[in-house]
Amino acid sequence: MPKTPQAIRGTQDIFGADAEAFAFVVETFERVRRLYRFRRAEMPVFEKTEVFARSIGETTDIVSKEMYSFEDRGGESLTLRPEFTAGIARAFLSNGWQQHAPLKLATHGPLFRYERPQKGRYRQFHQIDAEIIGAAEPQADVELLAMADQLLKELGIEGVTLHLNTLGDGDSREAWRAALVEHFRAVKDELSEDSQERLEKNPLRILDSKDRRDRQFVADAPKIDQFLSDDARAFFDAVTAGLDAAGVKWTRAESLVRGLDYYRHTAFEFIPDEGSEAAGRLGSQSTILGGGRYDGLMESLGGAPTPAVGWAAGIERLAMLVGEKIEPMTDAIVVVENDEKLAEAVKMVAAMRKAHFSAELFAAGSPRKRFDKAKKLPSHALVSFTVTEGGSPVRIMGNGSERATAVENFVLSI
RNA sequence: GCGAUCGUAGCUCAGUUGGUUAGAGCGCCGGUUUGUGGUACCGGAGGUCGGGGGUUCGAGACCCCUCGAUCGCCCCA
């Protein structure tokens, strides 16, 4: 016998209760995005590598080590999409979607990152994603966040808080960054090894270091608020005022940053509260939904400057938080205990399904055991073609529900 | 890339300081009972103990390598 091939590392086969929870997340997202009038878009799962390399920054670790890239037969470098935003931006530019601006888009599907798998992190994973493109006003941020907030509520996820920060405009952000570098450089030798390296590569990231040695210096690090321009401050105030008006609870997170340089103004993550059940279920992967405003992205792909704001959330992580979703109960199970009645039973099952009853046929294996097996599955009604002499050859047993009565009436009517 | 823990039947797991022929439950298949909401009885199939090497009279167990999984670090678009 040939050996069964193994699944690719970091991929998963989702089934049963997990698959039901996954579907529940996607269905809820689809329902909520319609309420907010976000339009569906589908993009290819792979693009020319430059689409991601140029938007993310050629030199980052992400591009060099953490993307699924390969050459096609023509020698062109392609990459499985590691995120939605770059592909959406490319589609926006190549299809002239400027004509629809401001454009509210929603999508979901698989993404790929070449990373070491751990709890809540896979190499192929799935996200839901929402973007508002071509809207510079803070109201766009508010609407996007209100949708995220409502989505989480409709998923029944509790104990999660919106952590909100501003990175200011370009000038604010640069001034802040410079001040941070100066602050941390003064105490460089006392920082963790990782943060000493971050000081050169990505100083903002020191702010959310988990290392105790760094924490003390993070506490009295310069705050973005000291560097905000008047415009940037007004923008952030408008966002927070809008969230209050929309009834979205939030908390200020001064050290929340984004890894990439193109982010401006609003940055946010929905994070489980410390000690909550949600936090426990997610392990060290705490962010369940994150995003922000990005202004330089379209230009990096050769487009006109276009303000945009968006978020994405991992479907698997959300599915871990929505609780057990059992498969819906079958309306009717039809058991063929007498094989001579098989054709009749097949006819009945077909009629049931056409009448929009969910129905399952049990006609395989030992006829004597079919009834016992059918009993083990949850159903509103059991319909059996029996072997009993005399009386009705069909027996119906309901569980007393409305649905069971409907099935009984339907069977009697045919 | 680094670290810790773990790989025994389709699934969940036992398996004593290394000692006969490898165990249970569930599931699956068959038979008996007969009959109405998950719960009866009997039997059966199914394992190169992740893979390779080593130590030993003897390895599922100990050592090395390797593959895989899980959790964490780094990173987090």
Side-chain angles (χ1 to χ4, degrees), chain A residues 1 3-12 15-16 51-58 60-68 79-89 111-123 125 127 129 192-198 201-202 204-205 208-211 256-263 267 269 282-287 290-292 294 297 300 310-314 317 329-330 333 335 337-338 364-384 386-388 391 394-401 404:
Chain A
M1 264 229 314
K3 217 177 161 186
T4 305
Q6 287 173 332
I8 305 299
R9 178 196 288 269
T11 63
Q12 42 177 348
F15 176 69
V51 170
F52 306 111
R54 282 165 60 183
S55 62
I56 290 168
E58 314 267 358
T60 61
D61 274 13
I62 291 172
V63 170
S64 55
K65 293 183 175 170
E66 290 162 27
M67 299 201 310
Y68 255 104
T79 295
L80 300 177
R81 64 183 180 194
E83 57 153 5
F84 282 114
T85 309
I88 288 174
L111 301 171
F112 305 84
R113 296 181 185 176
Y114 198 89
E115 294 184 293
R116 193 70 177 253
Q118 59 191 74
K119 191 181 185 74
R121 283 182 89 158
Y122 303 94
R123 286 187 173 181
F125 57 104
Q127 284 188 345
D129 182 279
S192 67
E193 297 76 14
D194 287 331
S195 283
Q196 292 188 26
E197 210 165 306
R198 285 193 271 244
K201 284 162 56 180
N202 202 347
L204 301 200
R205 277 280 159 193
D208 50 22
S209 168
K210 291 170 185 164
D211 197 298
L256 190 158
V257 296
R258 309 256 82 201
L260 301 184
D261 288 341
Y262 58 65
Y263 284 99
E269 294 178 355
L282 288 175
S284 68
Q285 306 302 316
S286 55
T287 301
Y294 49 92
L297 179 57
S300 72
W311 58 249
R317 286 188 199 173
M329 189 183 274
T330 313
I333 297 181
V335 184
E337 295 184 89
N338 178 358
S366 169
R368 289 179 164 174
K369 296 207 163 157
R370 287 174 197 165
F371 191 82
D372 286 336
K373 281 161 88 173
K375 271 202 305 196
K376 290 186 181 178
L377 292 178
S379 66
H380 287 287
L382 265 182
V383 179
S384 175
T386 64
V387 290
T388 317
V394 179
R395 293 195 172 190
I396 313 166
M397 181 172 55
N399 66 352
S401 68

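Chain letters run A, B, ... following the sequence lines, proteins first and then strands; every chain starts at 1.
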Distance between the C1' atoms of C11(B) and G27(B), in whole angstroms?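 After rounding to an integer number of Å, I get 7 Å for this pair.
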By side chain to side chain donor-acceptor pair (under 3.5 Å), which residues pair with S379(A), not counting sequence neighbours?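 Counting only residues at least two positions away or on another chain, S379(A) forms no side chain to side chain donor-acceptor pair (under 3.5 Å).
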Evaluate side chain to side chain contact (heavy atoms under 4.5 Å, CB included) for D208(A) paired with R205(A), printing each intermediate quantity in order. CA-CA 6 Å; D208(A) 50 22; R205(A) 277 280 159 193; 3.2 Å; yes
Under the rule for salt bridge (charged side-chain N to carboxylate O under 4.0 Å, His left out), what residues qualify as partners of K375(A), not counting sequence neighbours?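 Counting only residues at least two positions away or on another chain, K375(A) forms a salt bridge (charged side-chain N to carboxylate O under 4.0 Å, His left out) with D372(A).
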For a stem of at least 3 consecutive Watson-Crick or G-U pairs with distances under 3.5 Å, i pairing with j, i+1 with j-1 and so on, which stems involve RNA chain B?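 So the stems come out as B:1-7 with B:67-73, B:10-13 with B:23-26, B:28-32 with B:40-44, B:50-54 with B:62-66.
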Excluding sequence neighbours, so at least two apart, what forms salt bridge (charged side-chain N to carboxylate O under 4.0 Å, His left out) with R121(A)?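 E115(A).
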For a quick check of understanding: with a heavy-atom distance under 4.0 Å over all strands, which category does G398(A) fall into, base, sugar-phosphate or nothing?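 It contacts base atoms.
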Only counting residues at least two apart or in another chain, list the ones meeting salt bridge (charged side-chain N to carboxylate O under 4.0 Å, His left out) with R54(A).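 Checked R54(A) against salt bridge (charged side-chain N to carboxylate O under 4.0 Å, His left out); matches are E50(A).
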Pairwise P distance for A40(B) and A59(B), with rounding to whole Å: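 To the nearest whole Å, 42 Å.
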Which residues pass the side chain to side chain donor-acceptor pair (under 3.5 Å) test with S192(A), not counting sequence neighbours?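 For S192(A), the residues satisfying side chain to side chain donor-acceptor pair (under 3.5 Å) (neighbours in sequence not counted) are S195(A), D214(A).
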Rounded to whole angstroms, how far apart are CD on E193(A) and P on G1(B)?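 It is 21 Å, rounded to the nearest whole Å.
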Please list, for nucleotides 25-27 of chain B, all pairs of protein and nucleotide N/O atoms separated by less than 3.5 Å.
| from | atom 1 | to | atom 2 | distance (Å) |
| --- | --- | --- | --- | --- |
| G27(B) | OP1 | K376(A) | NZ | 3.3 |

Looking for any heavy atom pair under 4.0 Å, which part of the strands does K373(A) touch: base, sugar-phosphate only, or nothing?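 Sugar-phosphate, backbone atoms only, no base.
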Calculate the interatomic distance between D372(A) atom CG and G37(B) atom P; express it in whole Å.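 So the CG-P distance, D372(A) to G37(B), works out to 12 Å.
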Taking for each residue the nucleotide of RNA chain B bearing the nearest heavy atom, is the 5' side occupied by R113(A) or by L377(A)?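 So the residue in question is L377(A).
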Taking CD1 from I62(A) and P from G1(B), how many angstroms apart are they, rounded to a whole number?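 Going from I62(A) (CD1) to G1(B) (P), I get 17 Å.
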Does the side chain of D211(A) reach to within under 4.5 Å of the side chain of D194(A), using non-hydrogen atoms?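 Answer no - side chains too far apart.
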For G31(B), does the base pair up with any side-chain atom of K369(A) as donor and acceptor (N or O, under 3.5 Å, distance only)?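 Counting by modelled atom types and ignoring angles, a donor-acceptor contact under 3.5 Å is found here.
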Applying side chain to side chain donor-acceptor pair (under 3.5 Å), name anything that partners R81(A), two or more places apart in sequence or on another chain.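 For R81(A), no residue satisfies side chain to side chain donor-acceptor pair (under 3.5 Å) once neighbours in sequence are set aside.
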For nucleotides U55(B) and U70(B), find the distance between their P atoms and express it as a whole number of Å.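 35 Å, rounded to whole Å.
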Closest nucleotide of RNA chain B for Y262(A) versus for F371(A): which of these residues is on the 5' side?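 So the residue in question is F371(A).
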Using atom C1' of each nucleotide, how far apart are U5(B) and G47(B) to the nearest Å?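 Pairwise C1' distance, U5(B) against G47(B), rounds to 25 Å.
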Does N202(A) reach a base, just sugar-phosphate, or nothing at all? Heavy atoms under 4.0 Å.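 Sugar-phosphate, backbone atoms only, no base.
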Need one value for S379(A): base, sugar-phosphate or nothing, where a base atom within 4.0 Å counts as base even if backbone is also close, heavy atoms only.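 Base: the residue S379(A), judged by heavy atoms under 4.0 Å, touches a nucleobase.
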Whole-Å gap separating P (C76(B)) and CG (L204(A)):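 Result: 10 Å.
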Rounding to an integer number of angstrom, what distance separates U48(B) and U8(B) when you compare their C1' atoms?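 Their C1' atoms lie roughly 13 Å apart.
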Just to verify, what does S55(A) make a side chain to side chain contact (heavy atoms under 4.5 Å, CB included) with, not counting sequence neighbours?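 So S55(A) forms a side chain to side chain contact (heavy atoms under 4.5 Å, CB included) with E83(A), A86(A), L297(A), S300(A).
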Pairwise N/O distances under 3.5 Å, protein to nucleotides 66-74 of chain B:
| from | atom 1 | to | atom 2 | distance (Å) |
| --- | --- | --- | --- | --- |
| G68(B) | OP2 | R9(A) | NH2 | 3.3 |
| A69(B) | OP2 | R9(A) | NH1 | 3.3 |
| C71(B) | OP2 | K119(A) | N | 3.1 |
| G72(B) | OP1 | S284(A) | N | 2.7 |
| G72(B) | OP2 | K119(A) | N | 3.3 |
| C73(B) | OP1 | K210(A) | NZ | 2.8 |
| C73(B) | OP2 | S284(A) | OG | 3.1 |
| C74(B) | N4 | R121(A) | NH1 | 3.2 |

How long is the line joining NZ of K65(A) and P of C2(B), in whole Å?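 That distance rounds to 11 Å.
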Euclidean distance, atom OH of residue Y294(A) to atom C1' of A77(B) [Å, nearest integer]: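 Rounding to the nearest Å, OH of Y294(A) and C1' of A77(B) are 12 Å apart.
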Give a yes/no answer on whether the side chain of R54(A) brings an N or O atom under 4.0 Å of OP1 or OP2 in A77(B).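 Checking A77(B) against R54(A), no side-chain N or O comes under 4.0 Å of OP1 or OP2.
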Are the side chain of R123(A) and the backbone of P117(A) linked by a donor-acceptor contact shorter than 3.5 Å?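 No, because the side chain of R123(A) does not come within donor-acceptor range (under 3.5 Å) of the backbone of P117(A).
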Whole-Å C1' distance, U21(B) and C62(B):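 Rounded to whole Å, the distance is 24 Å.
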What's I56(A) touching, base or sugar-phosphate or nothing? Going by heavy atoms closer than 4.0 Å.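 Contact class for I56(A): base.
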At 4.0 Å (heavy atoms only), tell me whether Y263(A) reaches a base, stays on the sugar-phosphate, or touches nothing.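 Sugar-phosphate contact only - Y263(A) comes under 4.0 Å of backbone atoms but never of a base.
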Integer angstrom distance from the C1' of G68(B) to that of C29(B):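 The same atom, C1', in both gives a distance of 31 Å.
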For atom P, what is the distance between C28(B) and U39(B), given to the nearest Å?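 Each nucleotide's P atom is 12 Å from the other's.
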Classify the nucleic acid contact of A404(A) as base, sugar-phosphate or nothing, counting any heavy atom under 4.0 Å across all strands shown.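 Nothing, no heavy atom under 4.0 Å.
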Once salt bridge (charged side-chain N to carboxylate O under 4.0 Å, His left out) is applied, do any residues pair with R258(A), and if so which ones, sequence neighbours excluded?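 Salt bridge (charged side-chain N to carboxylate O under 4.0 Å, His left out) list for R258(A), sorted by chain: E269(A).
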Shortest non-hydrogen contact from T386(A) toward N338(A):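 Reported closest heavy-atom pair: O-CB, 3.4 Å.
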Spatial distance of atom CG (L382(A)) from atom CZ (F371(A)) [nearest 0.5 Å]: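 Between atom CG of L382(A) and atom CZ of F371(A) there are 5.0 Å.
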Side chain to side chain donor-acceptor pair (under 3.5 Å) with E193(A): which residues, sequence neighbours excluded?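 Partners of E193(A) under the side chain to side chain donor-acceptor pair (under 3.5 Å) test: R213(A).
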